[in-house]
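First the structure, then my questions, so here it is.
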Amino acid sequence: MKSKKIFCFVKRLLIFLLSVFAYGCAENERGDKIVFVSLAWQEQSLATHKSIVAEWNELHADKPVEYVQSNWNSIHDYLITSFETGDVPDVFHYESSIIVDFALRGNLANMDTLLSDEFKRDIHESAWKSVKSADGSISGAPFLLESMVVIYNQNHFRERGIVPPTFEEPWDWNKLREIAKALTIDSNKDGWPERYGASIGLRSSANILLNLGIGYGSDFFENKNNERGVVIDSVDIQYLNMIKEIIFEDKSISPTSVTQSGPGTIPSFINGKNSMLIGIGTWARQQLVENAPQELEWGVLVPIKEKNQNQAANSQTLSIPAKSKNKKDAAKFIEFFLSKENMAKLAKSDWMSPTRISLLQSDQFQTPQYGWAICTYIVDKLIVGKWLTLPGYAEWKSRVANPLFQEYFSNRMSSKEFKLRMEEESKYVFSRYKR
Amino acid sequence: MKNLFFGASKNILLILYLLFLAFPLLWVLSLSFKSSMEIYSGIPNLIPLAPTTQNYYSVFFDQNILKSMSNSFIVGIISSIGVVLISIPASYSLVRYKTYLNKGILGWILVSQIFPVILIMVPLYMILRNLGLTDSLYGLSIVYIVWTLPFVLWMMQGYVKAIPIELEEAALIDGASRRQVIFKVIMPLLLPGIAASALFAFITAWNEFFFALVLMKSQDLITLPVDLARFTGMEGQARTGPLAAASIIATIPSLIIFSIIQKWFTSGLVSGAVKE
């Protein structure tokens with residue numbers, strides 16, 4: 001009797017399994033679609049992406065786009081395996097500093113011949129520089145420019161009688177240091193201020209330090225015999241030590257913020273524990289608009305000028321894999337997706353600068369509200385960092401630069417040891433990428 | 001008096017330890033009911049000042065997490081059943097039928113666990129693609145079965161070893177057939193092991209990220225861990241509230257299953273570990 005029951009159970013189990021298996025297989029059909037892997041993740045940005053795709057699908061029922069939402073943390077692994085297996089999406093969203101490696105490995109289609117002249121003419125030169133290789137091939141269509149700004153608390157500035165800098169008279173680092181000191185409040189003089197003048201999120205420090213360093217005259221990289229490598233000179237050390245002094249000697253930059261990521265520093269800015277966010281992405285404005293109380297008035301400072309106001313261009317891009325079977329349609333979709341009207345929506349929803357010149361000149365990106373005019377002003381100051389098109393940069397950043405900067409900023413090594421290790425370890429990583 | 005003091009201290013310590021263990025979960029639960037503005041205020045209060053269900057609404061209706069949950073559930077169930085069906089006869093044979101190959105087979109099973117996932121990913125993808133099993137819940141389930149099987153096999157071995165062979169011999173002497181011995185004597189005794197193995201396979205499939213990320217290409221077929229990752233953005237940013245809500249929802253099924261059969265699970269892990 002019991003074995004009959006067991007037999008019945010096994011039979012039912014098999015029927016259940018077969019039906020579930022059939023479900024799994026039935027879903028395995030993708031059809032003739034343009035597969036678009038997107039990295040949009042914020043609600044507003046997601047809605048914009050999806051609405052543009054829906055609009056395309058309405059107009060191009062014969063070549064619909066399948067929207068696949070991926071994420072910034074795993075897209076690299078996803079793409080590497082896709083390139084290796086040949087099962088690639090037709091369009092993918094990423095950033096210029098990373099796709100250069102893919103282009104060098106031959107994973108990406110050259111979009112120079114795929115994109116129209118009208119589109120190419122309207123894209124800002126600094127954006128093109130971030131995706132063009134030496135032979136002129138284009139690895140991606142840049143559509144959003146990431147830049148770093150200093151966001152400040154207007155209430156704290158007013159309280160201390162500080163007047164923000166102007167385009168004509170920007171601050172240098174000394175002035176910023178002086179202002180940060182003036183904004184710091186340590187009423188009981190115990191060395192632990194109740195309010196810090198500024199915060200700087202240095203958890204992933206390479207990006208922010210390299211970017212801010214350009215304006216200071218520190219570049220960390222040098223060309224020697226047509227080979228780029230890391231060379232730490234006295235200006236680099238001077239620049240790093242200056243930031244260290246603001247943190248440890250002036251005590252006007254929150255030491256906690258040094259261990260945090262950029263977004264991690266925003267809550268303490270919102271609750272008034274620090275007065276400036278140094279080296280934060282322009283996207284942070286969205287967090288403030290959505291999450292800061294109304295009484296908190298904030299603004300964006302004109303970029304610091306030491307030697308210049310330059311920053312490294314890093315753009316968000318749409319690329320087409322070399323193995324895509326829909327290259328032409330994919331390029332058509334990209335141009336539709338990045339039309340003037342759509343790019344404006346994308347830039348507004350992601351709080352970054354668009355790459356179309358016609359948009360940058362328009363009123364919506366020249367308004368002083370939410371610091372848009374300053375963000376647009378920075379676009380003209382974007383240059384190609386010496387590291388941006390360097391093969392192996394992504395690995396160098398995570399394996400060498402970030403850990404060493406962190407050690408240096410936690411006072412665990414001398415500048416001499418920092419220079420030695422940074423140069424040696426960088427040499428080792430980059431040598432593996434030489435052809 | 002002394003005993004009472006020690007008893008009370010022991011209980012207080014246990015409660016504190018329990019709170020310490022449960023705190024991350026409680027914190028995530030608290031975050032899931034906070035508005036974005038409250039999360040960004042940086043005020044570390046466990047009880048939300050103005051509780052909201054907006055995060056849960058966003059997770060269910062904007063992100064449609066039920067779809068990925070059902071995918072994870074299907075994959076989890078198939079792999080649990082598959083793993084159990086294979087591991088029972090396999091572990092029984094390895095324990096009861098001694099051959100010169102046994103040790104080699106067991107060693108080989110362990111060796112298969114040494115390889116990092118990234119190393120086997122591309123060849124595995126190629127094989128599955130040739131079989132038409134990429135972008136399919138069926139294919140992903142097979143991968144999970146294969147991936148979980150070595151550990152479960154070792155675990156089940158412990159259970160089988162713990163059943164005295166004398167029981168089987170007695171049943172055989174009493175005239176039971178081999179089938180009857182397996183179904184009427186061994187299986188009832190193996191039930192705790194089966195439950196523990198099924199739970200382990202389910203939780204592994206429920207939480208696994210990398211295979212699901214690479215093998216599942218369609219939006220409709222993604223599993224829960226991949227869906228959860230979509231709440232995170234660049235430079236360490238995240239939609240904290242919805243992510244917390246989604247994490248709480250994701251925890252519930254494994255928490256329920258685990259609380260029901262946790263006794264079997266822990267006994268499954270240790271059985272056979274000590275020689276009597």
Side-chain angles (χ1 to χ4, degrees), chain A residues 2-3 6 10 13 16-17 20-25 27-30 35 39-43 46-47 66-74 77-78 80-82 84-87 89 95 146 201 203-204 207 260-264 266-268 270-271 273 281 283 287-288 290-293 316, chain B residues 35-43 58 62-63 71 74-75 77-78 81-82 85 118 121-126 129 132-141 179-180 183-184 187-188 209-210 213-215 217-222 226-239 242:
Chain A
K2 260 192 179 173
S3 40
I6 290 173
V10 171
L13 195 68
F16 169 74
L17 279 178
V20 177
F21 282 4
Y23 171 80
C25 291
E27 297 278 325
N28 189 19
E29 282 173 16
R30 301 189 84 185
V35 179
L39 294 174
W41 65 280
Q42 309 221 51
E43 250 171 289
L46 258 174
E66 183 185 343
Y67 182 82
V68 179
Q69 187 194 343
S70 189
N71 75 86
W72 284 93
N73 298 322
S74 57
D77 293 336
Y78 177 89
I80 293 273
T81 43
S82 295
E84 292 302 320
T85 58
D87 213 349
E95 61 177 326
E146 298 175 27
R203 196 172 74 185
S204 301
N207 201 26
Q260 291 175 314
S261 63
I266 296 174
S268 57
I270 288 179
N271 64 30
K273 292 272 171 64
W283 47 260
Q287 309 290 355
L288 296 176
E290 286 180 1
N291 302 312
Q316 290 195 18
Chain B
S35 66
S36 170
M37 199 178 259
E38 195 179 337
I39 292 168
Y40 268 89
S41 72
I43 303 164
S58 168
D62 299 338
Q63 197 78 16
N71 289 338
I74 289 167
V75 171
I77 292 290
I78 298 175
I81 295 171
L85 286 181
I118 194 74
M121 200 63 231
V122 174
L124 178 72
Y125 191 97
M126 300 291 201
R129 191 177 55 188
L133 290 174
T134 51
D135 205 18
S136 140
L137 295 175
Y138 174 36
L140 188 63
S141 305
R179 210 183 78 177
Q180 281 173 320
F183 283 106
K184 290 186 175 173
M187 289 287 263
F209 177 78
F210 192 60
L213 172 81
V214 176
L215 295 175
K217 301 281 183 189
S218 301
Q219 185 87 346
D220 286 345
L221 292 176
I222 60 155
V226 180
D227 210 5
L228 286 181
R230 292 168 166 188
F231 291 96
T232 60
M234 57 195 304
E235 297 187 41
Q237 297 182 81
R239 288 165 60 199

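Each chain gets a letter, A, B and so on, in the order its sequence line appears, and its residues count up from 1.
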Checklist outcome for this item: Note: vs chain A, highest number of non-hydrogen pairs under 4.5 angstrom among B:D227, B:V122, B:L140, B:I118 is B:V122
Checklist entry - Using non-hydrogen atoms only, which part of A:A292 is less than 4.5 Å away from chain B: side chain, backbone, both, or neither? => result backbone
Checklist entry - Measuring heavy-atom distances to chain B, does A:T85 have an atom under 4.5 Å in its side chain, in its backbone, in both, or in neither? => result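 It is both, since atoms from each part get that close.
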Checklist entry - In terms of heavy-atom proximity below 4.5 Å to chain A, should B:M234 be classed as side chain, backbone, both, or neither? => result both
Checklist entry - In Å and rounded to the nearest 0.5 Å, what is the CD1 to CG distance from B:I77 to B:L137? => result 13.0 Å
Item to check | Any residue meeting salt bridge (Lys or Arg N to Asp or Glu O under 4.0 Å) with A:E290, in chain and number order, not counting sequence neighbours | outcome: none
Checklist entry - Is the closest side-chain donor-acceptor distance between A:D77 and A:S74 under 3.5 Å? => result no
Next on the checklist: Taking the side chain as everything from C-beta on, heavy atoms only, tell me whether B:R230 gets closer than 4.5 Å to A:W41.
Outcome noted: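 The answer is no, as the side chains (C-beta and beyond) never meet within the 4.5 Å cut-off.
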Checklist entry - Are B:D135 and B:S218 close enough that a side-chain donor and a side-chain acceptor fall under 3.5 Å? => result yes
Next on the checklist: For B:Y40 and A:Q287, which I'm curious about, is there any donor-acceptor pair between the side chains at under 3.5 Å?
Outcome noted: yes
Checklist entry - Measuring from B:S136:OG to B:L215:CG, what's the distance to the nearest 0.5 Å? => result 9.5 Å
Next on the checklist: Below 4.5 Å, heavy-atom pairs only: which of A:Q42, A:E43, A:E95 has the largest tally toward chain B?
Outcome noted: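 Among A:Q42, A:E43, A:E95, the one with the most close pairs to chain B is A:E43.
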Item to check | Portion of A:L39 that has a non-hydrogen atom of chain B nearer than 4.5 angstrom | outcome: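 Contact with chain B involves no heavy atom of A:L39 at all.
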Checklist entry - Which bit of B:F231 is near chain A, if near means a heavy-atom gap under 4.5 Å: side chain, backbone, both or neither? => result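 Contact with chain A involves the backbone of B:F231 alone.
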Checklist entry - Among B:M37, B:R129, B:Q237, which residue forms the greatest number of heavy-atom pairs with chain A at distances under 4.5 Å? => result B:Q237
Item to check | Contacting region of B:S35 [heavy-atom separation from chain A under 4.5 Å] | outcome: neither
Checklist entry - Who wins among B:S58, B:P123, B:G139, B:A238 for the most heavy-atom pairs under 4.5 Å with chain A? => result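 The residue among B:S58, B:P123, B:G139, B:A238 with the greatest pair count is B:A238.
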Item to check | Sub-4.5 Å side-chain heavy-atom contact between A:T81 and B:Y125 | outcome: no
Checklist entry - What pairs with B:I39 under side-chain contact (heavy atoms from CB on, under 4.5 Å), at least two apart in sequence or on another chain? => result B:L31, B:K34, B:T240
Checklist entry - Which atoms of A:Q260 come close to chain B, meaning under 4.5 Å heavy atom to heavy atom: side chain ones, backbone ones, both, or neither? => result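 Neither part; nothing is under 4.5 Å.
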Checklist entry - Checking heavy atoms, do the side chain of B:Q63, its backbone, both or neither come under 4.5 Å from chain A? => result side chain
Item to check | Leading residue by heavy atom contact count with chain B [cutoff under 4.5 Å; candidates A:N73, A:I80, A:N207] | outcome: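 Ranked by heavy-atom pairs under 4.5 Å with chain B, first place is A:N73.
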Checklist entry - With only heavy atoms counted, which part of B:T232 is less than 4.5 Å from chain A, the side chain, the backbone, both or neither? => result both
